[in-house]
Chemist: 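I'd like to ask some things about the structure below.
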There are 2 protein chains.
Amino acid sequence: MKITDKVKKKDLTQMRQKQILDVATRVFSKKGFASTQVDEIAGLAGLGKGTVYRYFKDKKDLFLSIVDRGIRNLKDLVLEAMAEEKEPLDKIKKAIETYLKFFEKHSYLIRVFIHEQSEFQKRIQKRYYQHYYEHVNKIEEVFKKAQTLGLIKKKIKPKLAIAILTDMLNSFIYTWQLTGQKYSLSESFSLITEIYFTGILEEKDK
Amino acid sequence: MKITDKVKKKDLTQMRQKQILDVATRVFSKKGFASTQVDEIAGLAGLGKGTVYRYFKDKKDLFLSIVDRGIRNLKDLVLEAMAEEKEPLDKIKKAIETYLKFFEKHSYLIRVFIHEQSEFQKRIQKRYYQHYYEHVNKIEEVFKKAQTLGLIKKKIKPKLAIAILTDMLNSFIYTWQLTGQKYSLSESFSLITEIYFTGILEEKDK
DNA sequence: TTAAATAGACTGACCAGTCCGTCATTATAA
DNA sequence: TTATAATGACGGACTGGTCAGTCTATTTAA
């Protein structure tokens, strides 16, 4: 019975954690770390505050768990999507598209990422960059390959170009989120992609 | 004597306000609205808390005053700088350069702008966009002129292109600020400008 | 019957905003 | 010129409310 017990226990724990994380993500995204009350999260999750503290050490732990989960999901999705494509430029396009779709679905998350950087500078960045780098390294390889193939200007440093792309996407999503998602992300992103690509690509007709 | 008195009083008031605003900008930028204590601002300004409340109605009023002052300065600088140039493309370049230099000098301000949008959404945005639009309208005219002259792709909508540019700049400055300003903004911005322009400009050699 | 899970009352720290006494400067009077 | 009064800038102790985290009584499950 011990094994079954452990499984059940694990199930309950995971279920509760997910339940709390889901609510917490919404609330933290809306109000930011400092203005969020743990009471509200507990209430919306239909739980008592004590229960929340059963599953998370403290408010910070809860917050960082959200960040962790979000980044992990995003990274996995992007890497999987890229793997589906063959050509370097298609891989990059696919990465942009996936990134965009992720936030179209989880739009509130962008706030957590951008919003709280100063409060948690080191910690978030540590977690963020840990995942981010795996992710960037893959994309960097793709960039380099595209450069070898003569598709992307040789003088552009992949790391910086990727940073610029990420920044463009992040802040565009952020603005889009703030202004009430009045237009479709996909629509505007085609323009961003065009600006980004036409600037980056070697001219074809030389 | 009354006139002199009024002048003196006004001087003192302005001086104190500036003194408090300067400190408050630093502290709010570093900690965000919710985590900033008015006590700390007072302390760093070498004043008692009561004195701070003499000059500002409450914490919110103080915060919004910072935002106001910053945006007003930025707008004035950009418009003045643009007025110095004749050619549309030079005007745009100059605007980018000025925007960048402003934040290189007042790097902490970008945090206040980006960071607190969710807490104060409506209020900040109202103030922000009030100034922003005067500013954008001017730039938009320049864009349109450049399109008439055949310098910029006709199919690009100026408003959207300006939004993208602003977003690129903002988030680049933000990241730069967060990561400890390890490189010169001007340096990276030349790359951004290149990406932005080469993507935007009609090809010259057709 | 017992052990784990849960709720929410409670505590102590924290902090925005107030209130009042002090002090410096300027005006008034002798 | 000097003594006294009035003004108002100022500091910081204080208050009341809020909220993270704890503790215990109660519920649930086995």
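The sequence lines fix the lettering, A, B, ..., with proteins before strands; numbering per chain opens at 1.
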Chemist: Identify each atom pair where a protein N or O and an N or O of nucleotides 18-22 of chain C are less than 3.5 Å apart, giving names and distance.
Modeler:
none

Chemist: Calculate, to the nearest 0.5 Å, the distance between atoms NZ and CD belonging to Lys138(B) and Glu141(B) respectively.
Modeler: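 With rounding to 0.5 Å, NZ (Lys138(B)) is 5.5 Å from CD (Glu141(B)).
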Chemist: Can you work out whether Thr51(B) or Thr36(A) has the more 5'-proximal nearest nucleotide on DNA chain D?
Modeler: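 It is Thr51(B) whose nearest nucleotide is closer to the 5' end.
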Chemist: Minimum heavy-atom separation for Pro88(B) to Val142(B), with atom names?
Modeler: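 Taking every non-hydrogen atom into account, O-CG1, 3.4 Å.
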Chemist: In whole Å, I'd like the distance from the NZ atom of Lys60(A) to the C1' atom of dG21(D).
Modeler: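 After rounding, the reported distance stands at 14 Å.
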Chemist: What are the two closest non-hydrogen atoms of Asp58(B) and Tyr53(B), and how far apart are they?
Modeler: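 Scanning both residues completely, I find the closest heavy atoms to be CA-CE2, 3.8 Å.
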Chemist: Check this one for me: any side-chain N or O of Arg16(B) less than 4.0 Å away from OP1 or OP2 of dC10(D)?
Modeler: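 Arg16(B) to dC10(D) OP1/OP2: side-chain N or O found under 4.0 Å.
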Chemist: Which angle, to the nearest 10 degrees, lies between the helix axes at the two ends of the helix from dT1(C)-dA30(D) to dA30(C)-dT1(D), each defined by five pairs?
Modeler: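 What I find for the helix from dT1(C)-dA30(D) to dA30(C)-dT1(D) is an axis angle of 10°.
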Chemist: Starting the side chain at C-beta, find the nucleotide from dA16(C), dC10(D), dA20(D) nearest to Val38(B).
Modeler: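 Closest of the options to the side chain of Val38(B): dA16(C).
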Chemist: Give the rounded distance in Å between these two atoms: CG of Asp39(A) and P of dA9(C).
Modeler: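 The answer, rounded to whole Å, is 10 Å.
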Chemist: In terms of side-chain heavy atoms of Gln37(B), which of dG17(C), dA16(C), dC10(D) is nearest?
Modeler: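 Per side-chain heavy atoms of Gln37(B), the pick is dA16(C).
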Chemist: Check the distance between dG8(D)'s P and Tyr55(B)'s OH and give it to me in whole angstrom.
Modeler: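 Nearest whole value for this atom pair: 12 Å.
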Chemist: Take atom CZ of Arg54(A) and atom C1' of dT27(D), then tell me their distance rounded to the nearest Å.
Modeler: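 To the nearest whole Å, that distance equals 13 Å.
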Chemist: Once the angle between the rings of Phe33(A) and Phe28(A) is folded into 0 to 90°, is it parallel (under 30°), tilted (30 to 60°) or perpendicular (over 60°)?
Modeler: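 Ring orientation of Phe33(A) relative to Phe28(A): parallel.
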Chemist: Tell me, do Ile92(A) and Ile96(A) make a side-chain contact under 4.5 Å, heavy atoms counted?
Modeler: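 With C-beta onward as the side chain, the pair touches.
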Chemist: Over all heavy atoms of both residues, which pair between Leu89(A) and Ala146(A) is shortest? Give the atoms and the distance, please.
Modeler: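 Between these two residues, the closest heavy atoms are CD2-CB, 4.4 Å.
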Chemist: Of all the heavy-atom pairs spanning Gln147(A) and Lys153(A), show the shortest one and how long it is.
Modeler: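 For Gln147(A) and Lys153(A), the tightest heavy-atom pair comes out as NE2-O, 3.1 Å.
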Chemist: Assess Lys75(B) against Phe102(B): is NZ or CZ under 6.0 Å from the centre of the six-membered ring, and within 45 degrees of the ring's axis?
Modeler: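 The answer is no, since Lys75(B) fails at least one limit relative to Phe102(B).
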Chemist: Rounding to an integer number of Å, can you tell me how far Met15(A) CE sits from dT6(C) C1'?
Modeler: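 Result: 13 Å.
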Chemist: Determine whether a donor-acceptor pair (N or O, by modelled atom type, separation under 3.5 Å) exists between the side chain of Lys94(B) and the backbone of Ala81(B).
Modeler: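 It does not hold such a pair.
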Chemist: So Gly43(B), base contact, sugar-phosphate only, or nothing? Heavy-atom distance under 4.0 Å.
Modeler: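 No contact.
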Chemist: Could you state the atom-to-atom distance from CZ of Phe33(A) to P of dC19(D) in whole Å?
Modeler: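 Going from CZ in Phe33(A) over to P in dC19(D) covers 13 Å.
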Chemist: Measure the distance from NZ on Lys31(B) to P on dC14(C) and round it to the nearest whole Å.
Modeler: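 The distance from NZ of Lys31(B) to P of dC14(C) comes to 12 Å, rounded to the nearest Å.
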Chemist: In whole Å, what is the span from the NZ atom of Lys59(A) to the P atom of dC19(D)?
Modeler: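 Result: 9 Å.
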